[in-house]
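Counting starts at 1 for both ligands and their atoms, in listed order. The shown structure was predicted, so the numbers you read here are calculated from the model rather than taken from an experiment.
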Amino acid sequence: MNISKDTAVTIRLKVSDQQGQLIENGKEPVAYLHGGYGNLLPKVEEALEGQAAGFKAHLDLSAADAFGERDEALVQSIPKTQFPPGVKVGGQLEGRGEDGRTHVFTVIKIKGPEVILDANHPLAGKHLKVSVEVMDVRAATAEEITHGHVHGEHGHHH
Ligand code: ZN
């Protein structure tokens with residue numbers, strides 16, 4: 001079977017940054033629902049479209065094709081008094097951004113009474129090297145399509 005919209009695809013995905021630091025080691029296969037459900041980077045889905053089990057590809061993704069360029073406007077300073085005690089550099093919290101969407105904020109610095117938060121994706125601005133190998137392709141079930149993800153061994157568990 002070939003990969004097309006609404007197929008459940010099991011892959012091994014290895015991702016590293018430009019310095020060769022591993023982000024995903026690819027040891028555990030992952031299953032995703034193909035067809036623009038946001039489970040995989042669009043550029044990776046594009047490379048897999050029409051392929052079958054056994055296909056391998058190496059992709060070099062620019063930051064724009066991966067998690068986007070960094071936006072320094074997403075770095076903001078918030079008074080420490082607005083945080084629960086124990087706020088630490090490297091800590092992450094979820095909150096609503098000015099656009100009304102949920103963002104993950106990372107504490108990048110604590111400067112006296114101010115906490116500096118970064119709402120960029122942790123991989124924003126990074127050029128990524130992706131190795132992908134297709135292990136299995138099958139038709140997705142109606143339930144998986146409704147949920148927007150794959151169930152089963154390497155998929156989503158409820
Ligand atoms: Zn589900």
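Of the N and O atoms on the side chains of T106 and Q92, at least one donor lies less than 3.5 Å from an acceptor on the other residue. Side-chain contact, T10 with H154: no donor N or O sits under 3.5 Å from an acceptor N or O.
Between NE2 of H149 and NE2 of H158, the angle at the Zn ion (ligand 1) works out to 100°, rounded to 10 degrees.
Residue contacts to the Zn ion (ligand 1): H156 brings no N, O or S atom closer than 2.8 Å.
Considering just the N/O/S atoms of H147, the one nearest the Zn ion (ligand 1) carries the name ND1.
Taking the six-membered ring for Trp, H149 and H158 have ring centres closer than 6.0 Å.
In summary, K111 and E114 do not engage in a salt bridge, as defined by a charged side-chain N under 4.0 Å from a carboxylate O.
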